Amino acid sequence: IAHPAGFDLEQSRVNSASSFLLLSEERCVRALELMKECLEGDPDLQFLLKGGDLLKVKSKSWRKTRLFRLNEDCKTVWQQTSKTFKSDSSCKFSLEDIDSVRYGRQTEGLQKYTDSSVEDRCFSIIFKGRRKNLDLIASSKEEAKRWVSGLEKVMTGMHSLNRQQNSEHWFYNCMRKADKNADNKMSLKELKHFLRQINIEVDDSYAEMLFKKCDTSNSGTLEGSEIKHFYDLLTYREEIDVIYGKYASTNGQMSSGDLLYFLQNEQRESVSLEYAKKLIEKYEVDETAKQNKYMSKDGFLIYLNHEEGSIFNPAHKPIYQDMHQPLNHYFISSSHNTYLMEDQLKGPSSTEAYIKALMKSCRCVELDCWDGANGEPVIYHGHTLTSKVLFKDVIKAIKEYAFKTSQYPVILSLENHCSTEQQKIMAHHLTSILGSALLTQPLGHQMPNTFPGPEELKGRFLIKGKRLNKLDAAFNNNATEDVDSVSEEDEAAELKEAEQKPKEKIKLAKELSDLVIYCKSVHFSNFEHSRDNQAFYEMASFKESKAMNLAENSATAFIHHNMDKLSRIYPAGSRTDSSNYNPVPLWNAGCQIVALNFQTPGKEMDLNQARFLPNGKCGYILKPEFQRDPASQFDPANLRVGPWLKRKTLHVMIISAQQLPKINENKQKSIVDPQVKVEIYGVPDDIASKQTHHIDNNGFNPQWNTKFQFTIHVPELALVRFVVEDYDAASHNDLIGLYTLPFTSMQNGYRHVPLLTKRGNLIPSAGLFVHIMALDA
């Protein structure tokens with residue numbers, strides 16, 4: 001394979017890796033070279049590799065100058081530290097751990113601890129998960145911009161690597177680490193160390209056999225082409241050989257006709273010969289094969305590792321649903337107590353929590369508002385030790401980040417505990433900061449009788465809260481008092497109830513009341529009362545226990561209620577640790593705003609991420625027709641014949657996994673014993689779970705070839721979850737990686753399944769290889 005015209009590697013680096021370069025040129029460095037190709041001679045990249053001093057800011061008094069630079073692997077950043085004895089790994093961080101880079105004073109830390117005069121010299125590195133932001137000040141505006149643009153370029157290049165390239169690069173880096181004495185050769189001892197690095201435990205005799213097989217020069221070390229041979233032996237995928245061999249029936253090669261037969265027969269795709277030829281053009285690496293319209297085994301593996309070979313249907317990646325239906329016909333990605341970073345009692349409140357939720361396309365955020373000092377309302381979890389954040393700072397952050405990942409409307413759910421004076425300040429901040437994006441009138445020129453759709457509300461903010469009068473007042477100028485009393489929000493009242501305190505009326509300012517258009521908070525008595533007395537824009541919030549009870553015992557009535565109105569569900573007040581409830585039964589009952597603690601990873605957030613994975617990850621998913629049609633008698637717990645009943649038999653074969661990460665990186669000899677669970681979530685009849693046996697000491701290329709069969713009754717509400725765990729006979733199994741997706745977004749045939757961490761971030765080189773077949777039962 002020709003070397004792409006890439007970024008010029010420094011001579012010293014070429015020398016130090018010379019023996020690995022035979023392997024590199026063909027495979028491993030190809031990944032990095034592709035990334036560097038577009039950055040050839042790029043001054044920003046050169047600038048990062050050289051590095052420079054930056055002022056690190058932690059508080060008003062803690063400011064230290066530290067040297068930062070991009071390491072030559074182009075995947076990690078080295079930072080100088082004051083602690084002499086810190087391990088090498090603690091002096092660097094991976095670009096894969098970075099969520100984003102922000103130019104200017106765009107974090108709470110920089111806004112609090114720096115002056116606006118240094119605005120254009122500031123930038124921040126935002127990490128995934130709970131790691132604290134890195135707030136930095138450069139010596140000049142130009143330097144700050146170069147850091148930001150340089151890091152963004154390299155990160156974009158890294159994200160564009162496909163899984164095959166990522167795995168090759170990872171493999172190559174492990175090899176370099178294993179070459180302890182940097183002599184560009186690999187001894188038997190170094191080979192054993194390398195095998196442990198890549199998460200595979202082999203007995204000494206196997207390691208020696210492998211070593212001897214590759215040491216064709218009998219020199220006692222592997223170098224050059226011998227390492228290439230070792231790589232090929234180790235990464236050989238028997239299962240791919242078998243599949244390729246079965247379909248490559250043109251002189252041992254896979255012609256475009258053979259590939260078409262594979263796509264139609266095995267992958268169950270309705271595609272043409274033209275499509276098969278396009279795949280060859282796109283993924284074949286051998287020029288001769290490409291010219292002859294053949295796909296080699298290498299090209300076939302690359303195709304399987306790309307999105308066409310993924311388990312997730314690429315047709316569901318962009319927005320593909322009708323976005324003109326009324327707003328209440330969609331499931332809406334929703335967050336509870338969005339301001340909290342951790343627990344509900346003493347954790348920090350932060351604008352950062354809103355940014356993280358919005359960047360995950362959350363479309364309904366919660367603001368718990370209380371009177372603050374100096375006449376400025378604050379947001380925090382009332383009567384607890386959680387820290388406070390200014391209401392206006394939160395609104396500014398929401399304005400900045402609301403529509404970066406999705407253009408569809410954002411609902412601001414207000415829980416208002418403020419005095420009327422500070423409510424007027426809230427209304428002022430909302431109108432002045434959000435401007436024309438804030439919806440202050442119903443759309444159209446007459447009183448509506450149903451919601452507009454997400455498409456009509458693109459780029460708009462909707463306020464959910466109490467309102468003094470009916471929405472008709474927006475058209476007939478009905479005068480109302482400037483201040484009047486309304487009952488408390490249900491969630492606040494529930495907490496008081498738990499403490500056996502009387503419910504209170506709160507005074508509501510007209511200025512705030514008038515901003516509530518399509519989401520007026522009302523109390524729920526029963527479905528008949530709501531149907532007969534409440535307008536479409538009047539919505540109730542249900543605590544999880546009440547909602548679960550209705551979903552289990554009155555599901556059909558709940559579904560019909562949700563055909564006309566919005567429902568918001570929130571976690572029980574007793575969940576002080578910010579744990580979550582299972583959202584699936586509430587989606588089954590057609591509830592739209594099922595609010596979860598976004599800051600808490602776990603099965604519930606996996607299911608939420610999966611529910612909103614298709615349709616451009618825009619935060620809105622159109623509910624199935626049987627949850628929108630007034631004639632429907634759908635009951636998730638009692639599946640009579642109806643349009644929802646589309647029984648499928650799902651055959652899943654867990655074939656193999658590749659490059660599973662080590663759970664305990666610090667333990668040299670800690671190798672995983674992987675097993676795979678397949679779980680189905682949906683209506684009660686569809687809930688199921690099956691698991692493979694575990695494989696001892698092999699996270700690199702374990703093979704199971706285990707078959708499962710499931711019956712799915714209501715495919716449109718089903719989610720499929722793959723969980724890879726490290727088996728432990730003595731204690732709880734540790735999570736290695738997982739992936740969840742809607743049943744209806746799953747592709748048939750031989751598919752690669754990407755794996756995510758518990759926080760929902762992609763593990764670049766790891767994956768499962770499975771065979772899926774969903775057939776009409």
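From a predicted model like this one, the values you see are computed outputs, not experimental measurements.
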Heavy-atom donor-acceptor pair, Gln592 side chain to Asn328 backbone, under 3.5 Å | yes
Show your reasoning for whether salt bridge (charged side-chain N to carboxylate O under 4.0 Å, His left out) applies to Lys246 and Glu266.
-> CA-CA 11 Å; Lys246 182 179 171 186; Glu266 201 68 71; 3.7 Å; yes
In terms of the angle between their ring planes, are His381 and Tyr339 parallel, tilted or perpendicular, with boundaries placed at 30° and 60°?
-> tilted
Indicate yes or no: at least one non-hydrogen side-chain atom of Leu358 is less than 4.5 angstrom from one of Arg363.
-> yes
Side chain to side chain, Tyr354 and Ser335, heavy atoms closer than 4.5 Å | no
Answer yes if the side chains of Gln658 and Ser656 hold a donor-acceptor pair under 3.5 Å, and no otherwise.
-> yes
Test Val683 against Phe634 for side-chain contact (heavy atoms from CB on, under 4.5 Å), laying out the working first.
-> CA-CA 11 Å; Val683 298; Phe634 172 61; 4.0 Å; yes
Heavy-atom side-chain contact between Lys617 and Thr405 under 4.5 Å = no
Which atom pair, heavy atoms only, marks the closest approach of Leu439 to Leu443?
-> CD1-CD2, 3.8 Å
For salt bridge (charged side-chain N to carboxylate O under 4.0 Å, His left out), just list the numbers for Glu269 and Arg751, CA-CA rounded to whole Å, side-chain angles, deciding distance to a tenth of an Å, and then say yes or no.
-> CA-CA 13 Å; Glu269 294 178 31; Arg751 301 291 174 186; 2.8 Å; yes
Atom pair CG (Asp564) and OH (Tyr537), whose distance is rounded to the nearest 0.5 Å | 14.0 Å
For the residue pair Trp704 and Leu768, establish whether any side-chain heavy-atom pair is separated by less than 4.5 Å.
-> yes
Looking at CG of Leu260 and CG of Asn265, how far apart are the two atoms once the value is rounded to the nearest 0.5 Å?
-> 10.5 Å
Quick one: does Gln747's side chain have a donor or acceptor within less than 3.5 Å of a partner on Ser310's backbone?
-> yes
pair Phe451-Leu462: side-chain heavy atoms closer than 4.5 Å = no
Apply side-chain contact (heavy atoms from CB on, under 4.5 Å) to Tyr518 and Leu327, showing your working.
-> CA-CA 10 Å; Tyr518 290 116; Leu327 200 68; 5.7 Å; no
Does Ser333 reach the main-chain N or O of Gly619 with its side chain, forming a donor-acceptor pair under 3.5 Å?
-> no
Check against salt bridge (charged side-chain N to carboxylate O under 4.0 Å, His left out), Lys648 and Asp776 | CA-CA 5 Å; Lys648 302 272 184 190; Asp776 292 336; 2.6 Å; yes
Look up atom OG1 in Thr740 and atom CG in Leu613, then write down how far apart they are to the nearest 0.5 Å.
-> 9.0 Å
Where do Pro452 and Leu457 come nearest, in terms of heavy atoms and distance?
-> CG-CD1, 3.7 Å
Per side chain to side chain donor-acceptor pair (under 3.5 Å), Glu679 is matched among Gln691, Arg721, Lys690 by Arg721
Validation row: Pro754, Phe312 side chains within 4.5 angstrom (heavy atoms) | no
For atom NZ of Lys317, is the number of surrounding heavy atoms from other residues, nucleotides or ligands below 6.0 Å larger than 12?
-> no
Measure from the side-chain N and O atoms of Glu538 to the backbone N and O of Val522, and report whether any donor-acceptor pair falls under 3.5 Å.
-> no
What's the shortest heavy-atom distance between Gly682 and Asn588, and which atoms?
-> O-ND2, 3.1 Å
Show your working on side-chain hydrogen bond (donor to acceptor under 3.5 Å, both in side chains) between Glu604 and Asn580 and close with a plain yes or no.
-> CA-CA 6 Å; Glu604 297 79 15; Asn580 279 311; 5.1 Å; no
For the residue pair Trp644 and Phe626, does the interplanar ring angle fall in the parallel (under 30°), tilted (30 to 60°) or perpendicular (over 60°) class?
-> perpendicular
If you round to the nearest 0.5 Å, how far is NE2 of His771 from OH of Tyr750?
-> 5.0 Å
Which is it for Arg759 and Lys128 under the side-chain contact (heavy atoms from CB on, under 4.5 Å) test, yes or no, and what are the steps along the way?
-> CA-CA 8 Å; Arg759 289 193 172 276; Lys128 295 170 184 172; over 6 Å; no
Solution key, residues 524-532 side-chain donor-acceptor pairs under 3.5 Å, sequence neighbours excluded:
unit_1 : atom_1 : unit_2 : atom_2 : d
Asn526 : OD1    : Glu528 : N      : 3.2
Asn526 : OD1    : His529 : N      : 2.7
Ser530 : OG     : Asn526 : O      : 3.3
Ser530 : OG     : Gln534 : OE1    : 3.2

Under 3.5 Å: donor-acceptor pair, side chain of Asn701, backbone of Arg237 | no
Member of Leu367, Ile411, Val516 meeting the side chain to side chain contact (heavy atoms under 4.5 Å, CB included) criterion with Lys464 = Ile411
Nearest heavy-atom pair of Ile517 and Arg467: which atoms, and what distance?
-> CD1-NH1, 4.2 Å
Got a second to check how far Arg575's CZ is from Thr600's OG1, nearest 0.5 Å?
-> 10.0 Å
Is there a donor-acceptor pair under 3.5 Å between the side chain of Ser745 and the backbone N or O of Asn313?
-> no
Any sub-3.5 Å donor-acceptor pair from Gln407's side-chain atoms to Gly459's backbone N or O?
-> no
Starting from the C-alpha separation in whole Å, work towards a yes-or-no answer on ring pair (Phe, Tyr, Trp, His ring centres under 6.0 Å) for Phe612 and Tyr330.
-> CA-CA 11 Å; Phe612 296 99; Tyr330 298 82; over 10 Å; no
What do the steps show when you test Phe262 against Ile243 for side-chain contact (heavy atoms from CB on, under 4.5 Å), and what is the final call?
-> CA-CA 9 Å; Phe262 168 78; Ile243 302 162; 3.7 Å; yes
Under 4.5 Å between any side-chain heavy atoms of Tyr581 and Leu596, yes or no?
-> yes
Side-chain (Asn562) to main-chain (Ala589) donor-acceptor, under 3.5 angstrom = yes
When you measure from the side chain of Asp686 to the backbone N and O of Val714, does any donor-acceptor pair fall under 3.5 Å?
-> yes
May I ask you to test the Gln627-Phe331 pair for a side-chain heavy-atom distance under 4.5 Å?
-> yes
Here the gap from Ser361 atom OG to Ile332 atom CD1, rounded to the nearest 0.5 Å, amounts to 13.5 Å
Within the side chain of Asn597, is there an N or O that forms a donor-acceptor pair under 3.5 Å with the backbone of Gln599?
-> no
Please report the closest heavy-atom contact between Thr744 and His316, naming both atoms and the distance.
-> O-CE1, 3.3 Å
Pairs where residues 710-733 contributes a residue and the test ring pair (Phe, Tyr, Trp, His ring centres under 6.0 Å) is met, not counting sequence neighbours | His694-Tyr727
What heavy-atom pair brings Asn582 and Val584 nearest, and what distance separates the two atoms?
-> OD1-N, 3.0 Å
